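Down below is the structure, laid out as structure tokens.
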Amino acid sequence: MMKDAFDSPKKTAQLPVSLNDVTDAVHLFDSEEVSECRVVRTVFEGNRLTHRFVQSVLFEECTFRDFRMSESHFTDVVFRNCDLSNDFLSGCNFLRVEFIGCRLIGTDFSAGRFRQVLVDNCLADYANFSEGQFRQILLRTVSCREAAFANCRLEQVRFQRCDLGRAEFYRTAMKGLDVTDSEIPGLQVTVVDSFELRGLRVTPHQALDLVRMLGVKIE
């Protein structure tokens, strides 16, 4: 079960015991393949990249500014206390990746493929996850206000203590999704009685909020 896997102390990303510290990190992505290294407090700015392979890399306190990397592969990668706000990462594949304490505000992850990914204590308001495929994903203590999850495929996805205020789940089936310990005010779906909400697990209080979306007044 995904719950057991993510509640265990084992890390999602499988990094080597020792990593090489990169001294000239600004030119890190000049190569199509980046592997087995640690990058600390580096600013990547204005990069326009595609089809890169990033494996077994730890990014710590890095800033990705006006950064575009599409159709690329990230495997066993950790982003810790990094800022990727408003960056373009569309069409990327993320396998065993962790985002810890990161700023992902307005980041474009559209058409991404996420498997065994942990997003922990991050700000992801206005992020775009539309057209994404998610399998074995845990979002824990993440602010996803007004984030877009339109046309997504969700399999073994958990939102734990997240803020999904006005998040968009247009044409995304939420069957089996448990949001009982998260905030969902103003959750956006195509039509309230459409397939998106069928099988969604909510608390009685959250159910009242969903009823209000129908225009029903509760006395």
Side-chain angles (χ1 to χ4, degrees), residues 1-3 5-7 12 79 82-90 92 94 97-216 218:
M1 296 293 290
M2 182 188 62
K3 183 179 187 297
F6 279 116
D7 285 351
T12 301
F79 295 91
C82 294
D83 190 346
L84 298 95
S85 297
N86 299 311
D87 291 327
F88 184 83
L89 297 169
S90 181
C92 290
F94 299 91
V97 173
E98 299 179 19
F99 296 92
I100 311 296
C102 293
R103 292 177 61 85
L104 309 172
I105 300 172
T107 305
D108 189 345
F109 291 104
S110 61
R113 295 171 297 281
F114 301 81
R115 183 169 182 179
Q116 297 179 15
V117 171
L118 170 65
V119 185
D120 189 15
N121 194 30
C122 293
L123 295 176
D125 299 335
Y126 311 105
N128 182 13
F129 297 97
S130 298
E131 308 286 345
Q133 299 180 29
F134 299 82
R135 184 177 182 187
Q136 294 181 313
I137 313 300
L138 172 62
L139 294 95
R140 181 170 57 205
T141 319
V142 178
S143 180
C144 295
R145 295 188 65 83
E146 299 191 48
F149 294 90
N151 289 306
C152 287
R153 179 178 178 181
L154 309 180
E155 183 178 350
Q156 292 182 296
V157 175
R158 293 184 65 207
F159 289 96
Q160 189 177 80
R161 300 188 301 278
C162 294
D163 186 348
L164 294 168
R166 298 192 62 78
E168 300 175 358
F169 284 84
Y170 299 130
R171 297 172 298 282
T172 295
M174 303 171 71
K175 184 177 181 180
L177 199 63
D178 188 343
V179 295
T180 53
D181 61 357
S182 295
E183 300 295 327
I184 60 169
L187 194 73
Q188 303 291 300
V189 293
T190 309
V191 181
V192 174
D193 61 350
S194 67
F195 74 93
E196 287 106 323
L197 294 175
R198 293 175 186 171
L200 176 66
R201 297 179 62 187
V202 299
T203 65
H205 176 73
Q206 291 171 327
L208 291 177
D209 287 335
L210 295 177
V211 168
R212 292 189 182 97
M213 293 171 61
L214 288 168
V216 176
I218 303 172

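Basis for what follows: all heavy atoms, side chains included, without hydrogens, waters or symmetry-related copies. No experiment lies behind these values; they were computed from the predicted model shown.
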Roughly how far, to the nearest 0.5 Å, is the [atom2] atom of [Y] from the [atom1] atom of [X]?
{"X": "Q133", "Y": "N151", "atom1": "CD", "atom2": "CG", "value": "11.5 Å"}
{"X": "L104", "Y": "N128", "atom1": "CG", "atom2": "CG", "value": "12.5 Å"}
{"X": "T12", "Y": "Q116", "atom1": "OG1", "atom2": "CD", "value": "7.5 Å"}
{"X": "Q136", "Y": "Q156", "atom1": "CD", "atom2": "CD", "value": "5.0 Å"}
{"X": "N121", "Y": "R161", "atom1": "CG", "atom2": "CZ", "value": "9.5 Å"}

With sequence neighbours excluded, what pairs up with F149 under the ring pair (Phe, Tyr, Trp, His ring centres under 6.0 Å) test?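 Counting only residues at least two positions away or on another chain, F149 forms a ring pair (Phe, Tyr, Trp, His ring centres under 6.0 Å) with F129, F159, F169.
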
Where does the angle between the aromatic ring planes of F114 and F134 fall among parallel (under 30°), tilted (30 to 60°) and perpendicular (over 60°)?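 Because their plane-to-plane angle is under 30°, the rings of F114 and F134 count as parallel.
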
Under a 3.5 Å threshold, yes or no: a donor from one side chain and an acceptor from the other, between S130 and S110?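 Note: S130 and S110 side chains miss the donor-acceptor criterion.
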
Are T107 and D87 linked by a side-chain donor-acceptor pair shorter than 3.5 Å?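 No.
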
R201/D178 ion pair, N-O < 4.0 Å: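 Salt bridge: yes.
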
Within the side chain of E168, is there an N or O that forms a donor-acceptor pair under 3.5 Å with the backbone of R166?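 Judged by distance alone, no pair lies under 3.5 Å.
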
D125 side chain to R145 main-chain N or O, any donor-acceptor pair under 3.5 Å?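 Such a contact is found between D125 side chain and R145 backbone.
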
Which residues satisfy the side chain to side chain donor-acceptor pair (under 3.5 Å) test with D181, sequence neighbours excluded? none

Test of understanding: with side chain to side chain donor-acceptor pair (under 3.5 Å), list the residues that count as partners of T141, not counting sequence neighbours. none

